[in-house]
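Beneath this line is the structure, given in structure tokens, with notes to follow.
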Protein chains: 2
Amino acid sequence: MTDTNALRERGLRVTAPRLAVLEAVGRVPHATADRVLTEVRRALPTVSVQAVYDVLHALTDVGMLRRIEPAGHAARYERRVADNHHHVVCRGCGALDDVDCAVGPSPCLTPSSTSGFTIDTAEVTYWGLCPACQSAPDTHTTRDQPVAPDAA
Amino acid sequence: MTDTNALRERGLRVTAPRLAVLEAVGRVPHATADRVLTEVRRALPTVSVQAVYDVLHALTDVGMLRRIEPAGHAARYERRVADNHHHVVCRGCGALDDVDCAVGPSPCLTPSSTSGFTIDTAEVTYWGLCPACQSAPDTHTTRDQPVAPDAA
DNA sequence: CCCGATTCTTGAACGATTCCAGATTGGTGT
DNA sequence: ACACCAATCTGGAATCGTTCAAGAATCGGG
């Protein structure tokens, strides 16, 4: 299945920015909007900030991308794989990685009392320290030279 | 245990803004910083935005408050009770409520592979619709109640 | 190949939060 | 009680990520 066909199937027009965004998110695991912009501009130097946001929204809406929004950090995007995995976020540098849930397909999905809410999703986020921040306890104050695994 | 004593025990100074913030957060279940500011100003009209943020941070740091940051919404604060409960967030209006985890003390707390991360917390957020938004699917734009503006 | 709807560009605005510098205050030691 | 000094507060401006607005460009069915 090509990206072109995938777009058509969902009733979306096939445009250069959209293909480029899909390619970029596929290549850079958990890219921020800003990172996507940078990547896309290597191929299409003129794409606007707005175009990237529009495309990310459009693709997220039709389920071709998944958006992750760790508290206190910019949103990240990943190509949606059908599985229901979760994420770890580093408290030090914000690095993000995938985590498969150890216990069954959907644990925690059935809260005891929901106060009348209709629940459609349960989202699990793990917080901790990435390997780099474990060995360099206070280095995260240096915002300019992040040791973050996916920052470079 | 008075708030005054609780503050002293943690080595924090006892100031009017701090007591007022504690009182406000205790009274308004999941208040945003802005809401806390409004509440506090009823008693102390001159407190600054900054003072409220400073106090919220200080109290959060020593564990007297817990901060909740639902994706796409302003942070909320609650008086910490020792239990480990989770939260439901309404996709329609951003309403937030407490949820007790149905399955045991800490399910999902042991992910299979953590990519070398040291995990200290597992956070669970449920997403769905609150009772009001279930019966009024698209009406939340016309509501006067200043709940969080939503991207939906 | 033409047209209308969708998508893109540019540029400015936005809300939540933080940074800054200086004035004020709490509470420990005397 | 008194003074002192660091912790705290005030006011205002700045920051980040994201969105709004209006017009120009593009996609793709007929």
Side-chain angles (χ1 to χ4, degrees), chain A residues 3-5 7-22 30-38 40-41 43-62 64 67-77 94 96 141 143-144 146 151, chain B residues 3-5 7-22 30-38 40-41 43-62 65 67-77 94 141 146-152:
Chain A
D3 288 342
T4 297
N5 287 339
L7 286 167
R8 289 227 170 88
E9 274 184 6
R10 290 156 217 258
L12 292 182
R13 286 190 183 175
V14 180
T15 67
R18 288 180 172 177
L19 293 173
V21 165
L22 280 170
H30 299 102
T32 59
D34 190 63
R35 183 69 198 283
V36 171
L37 178 65
T38 303
V40 166
R41 278 187 173 163
L44 306 168
T46 68
V47 281
S48 63
V49 174
Q50 193 54 31
V52 167
Y53 277 101
D54 282 351
V55 170
L56 288 173
H57 279 156
L59 298 181
T60 300
D61 286 347
V62 298
M64 292 182 70
R67 178 202 312 233
I68 312 151
E69 292 185 64
H73 295 278
R76 315 272 195 125
Y77 296 84
L96 192 149
T141 45
R143 286 280 182 74
D144 298 325
Chain B
D3 288 342
T4 297
N5 286 339
L7 286 168
R8 289 227 171 87
E9 274 184 5
R10 291 156 216 260
L12 291 183
R13 286 190 183 172
V14 179
T15 67
R18 289 183 171 175
L19 292 174
V21 165
L22 280 171
H30 299 102
T32 60
D34 190 62
R35 183 69 198 283
V36 171
L37 178 65
T38 302
V40 166
R41 278 187 173 163
L44 305 169
T46 67
V47 281
S48 63
V49 173
Q50 193 52 35
V52 167
Y53 276 102
D54 283 351
V55 169
L56 288 173
H57 279 156
L59 299 182
T60 301
D61 287 347
V62 299
L65 292 182
R67 178 201 315 233
I68 312 151
E69 291 185 63
H73 296 279
R76 315 271 195 126
Y77 296 85
T141 45
V147 280
D150 196 312

Any [X] side-chain heavy atom under 4.5 Å of [Y] side chain:
{"X": "B:Asp3", "Y": "B:Arg18", "result": "no"}
{"X": "A:Arg41", "Y": "A:Leu37", "result": "yes"}
{"X": "B:Leu22", "Y": "B:Leu7", "result": "yes"}

* Would you tell me if any nitrogen or oxygen in the side chain of B:Arg8 comes within less than 4.0 Å of OP1 or OP2 on C:dG27? => yes

* Quick one: is B:His57 getting a side-chain N or O under 4.0 Å of the C:dT18 phosphate, OP1 or OP2? ->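 Result: yes.
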
Which atoms form the tightest heavy-atom contact between [X] and [Y], and what is the distance?
{"X": "B:Thr60", "Y": "B:Leu56", "value": "OG1-O, 2.6 Å"}
{"X": "A:Pro70", "Y": "A:Leu96", "value": "CG-CD1, 3.7 Å"}
{"X": "B:Gly72", "Y": "A:Glu69", "value": "N-OE1, 3.4 Å"}
{"X": "A:Ala31", "Y": "A:Val36", "value": "CB-CG2, 3.7 Å"}

Take the protein atom [atom1] of [X] and the nucleotide atom [atom2] of [N], then report the distance between them rounded to whole Å.
{"X": "B:Arg18", "N": "D:dA7", "atom1": "CZ", "atom2": "C1'", "answer": "8 Å"}
{"X": "B:Leu37", "N": "C:dT18", "atom1": "CG", "atom2": "P", "answer": "14 Å"}
{"X": "B:Leu19", "N": "D:dT8", "atom1": "CG", "atom2": "P", "answer": "13 Å"}
{"X": "A:Leu59", "N": "C:dT6", "atom1": "CG", "atom2": "C1'", "answer": "14 Å"}
{"X": "B:Glu69", "N": "D:dG17", "atom1": "CD", "atom2": "P", "answer": "15 Å"}
{"X": "B:Leu44", "N": "C:dT24", "atom1": "CG", "atom2": "P", "answer": "18 Å"}
{"X": "B:Asn5", "N": "C:dG26", "atom1": "CG", "atom2": "P", "answer": "17 Å"}
{"X": "A:Leu56", "N": "C:dT7", "atom1": "CG", "atom2": "P", "answer": "14 Å"}

* Asked: Considering only heavy atoms, which members of residues 46-54 of chain B lie under 4.0 Å from some atom of DNA chain C?
  -> B:Gln50, B:Tyr53

Report, one pair per line, the protein and nucleotides 24-26 of chain D atoms (nitrogen or oxygen only) whose separation is under 3.5 Å.
from, atom 1, to, atom 2, distance (Å)
D:dT26, O2, A:Arg13, NH1, 3.4

* To do: Scan A:His73 against the nucleic acid and name what it touches under 4.0 Å (heavy atoms): base, sugar-phosphate only, or nothing.
  =>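 The residue A:His73 makes no contact with any strand.
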
* Asked: Base, sugar-phosphate alone, or nothing: which one does A:Ala33 contact when heavy atoms must sit under 4.0 Å apart?
  -> sugar-phosphate

* Structure fact -> Between B:Ala75 and B:Leu12, whichever has its closest DNA chain C nucleotide further toward 5' is B:Ala75

* Give the nucleotide from the list D:dT19, D:dT18, C:dT18 with an atom nearest to the side chain of A:Ala74. => D:dT18

* Asked: With distance as the sole test, does A:Arg67 use its side chain to make a donor-acceptor pair with the main-chain N or O of A:Ala75 at under 3.5 Å?
  ->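 Side chain of A:Arg67 to backbone of A:Ala75: no pair is present.
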
* Asked: Just how far is it from atom CG of B:Leu44 to atom CG of B:Leu19, taken to the nearest 0.5 Å?
  ->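 So the gap between those two atoms works out to 9.0 Å.
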
